[in-house]
Amino acid sequence: TASLDTDDVDFVSVSPTSGTGNKSTPKSINLTIKENFTTKPREAVMTVKSDQYSSSASHLIKTMKIEQEAYVYIVSVSDMEFEAAGDSKTASGLKCSGKLTVSSSESWVEPEVSSSTGILTVKVKENTDKSPRHATVTIQSEHVDKNGNLKTTFTVTQKAAESDKK
């Protein structure tokens, strides 16, 4: 008999959970483990017991610990401020187990992220208006969930163009 020692383990399934086997015809047990899209590691314990198990035959029980690493999502970006002339800035240290995507709420902001280097580049076009402007940049994992986990936003502010001097 194969079983998981805790009822709240939903990321591992065992099959078959029972069957017969011996040294000459061993029985295989298959584990199916779902991907971990949480930022916390998780673990489970599986126990395999022989039908002949008793306290005096402890060699007929095997316990295996199943450990799964956490999904890596490290995105910490501060708000950015730009002069009216336009420019680009970078932020480094972005890490993600999966693919990162980046988008802007405004077309004058062009964000780009390199998955291989973990560098975010934000380019802004010149502001010719007499008012400052703001945009929201969103960085998210391909596995963002309905609660917004694995998603980060920050604000880009650009100064107004200087007024004509008379």
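Only heavy atoms go into these numbers, but all of them, side chains included; no hydrogens, no water, no symmetry mates. Everything quoted here is computed from the prediction, not taken from an experiment.
Here the straight-line distance linking atom CG of Leu120 with atom CD1 of Ile139 works out to 4.5 Å at 0.5 Å rounding.
Under the rule for a side-chain contact (heavy atoms from CB on, under 4.5 Å), the partners of Val144 that lie at least two apart in sequence or sit in another chain are Gln140, Lys151. Judged as a ring-ring contact (aromatic ring centres under 6.0 Å, His included), and not counting sequence neighbours, the contacts of Phe37 are Tyr71, His143. Listed by chain and number, the residues in a side-chain hydrogen bond (donor to acceptor under 3.5 Å, both in side chains) with Ser114 are Ser116, Thr117 (sequence neighbours excluded). Shown here are the side-chain hydrogen bond (donor to acceptor under 3.5 Å, both in side chains) partners of Thr152, two or more places apart in sequence or in another chain: Tyr73. For Lys65, the salt bridge (charged side-chain N to carboxylate O under 4.0 Å, His left out) partners are Glu43, Glu67, not counting sequence neighbours. Applying the side-chain contact (heavy atoms from CB on, under 4.5 Å) criterion to Glu110, with sequence neighbours excluded, gives Lys123, Lys125. In terms of the side-chain hydrogen bond (donor to acceptor under 3.5 Å, both in side chains) criterion, Asp79 has no residue partners (sequence neighbours excluded). Under the side-chain contact (heavy atoms from CB on, under 4.5 Å) criterion, Asp129 pairs with Asn127, sequence neighbours left out. Taking Ser76 as the reference, nothing meets the side-chain hydrogen bond (donor to acceptor under 3.5 Å, both in side chains) condition, with sequence neighbours excluded. Looking at residues two or more places apart in sequence or on another chain, you find a side-chain contact (heavy atoms from CB on, under 4.5 Å) between Thr32 and Ser13.
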Applying side chain to side chain contact (heavy atoms under 4.5 Å, CB included) to Met80 and Val77, what does each step give before you reach the verdict?
CA-CA 9 Å; Met80 294 182 177; Val77 180; 4.2 Å; yes
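Side-chain atoms of Val14 and Ile29, non-hydrogen and from C-beta on, do get closer than 4.5 Å to each other.
Residue pairs that meet the salt bridge (charged side-chain N to carboxylate O under 4.0 Å, His left out) test with at least one member in residues 83-98, sequence neighbours left out, are Glu83-Lys159.
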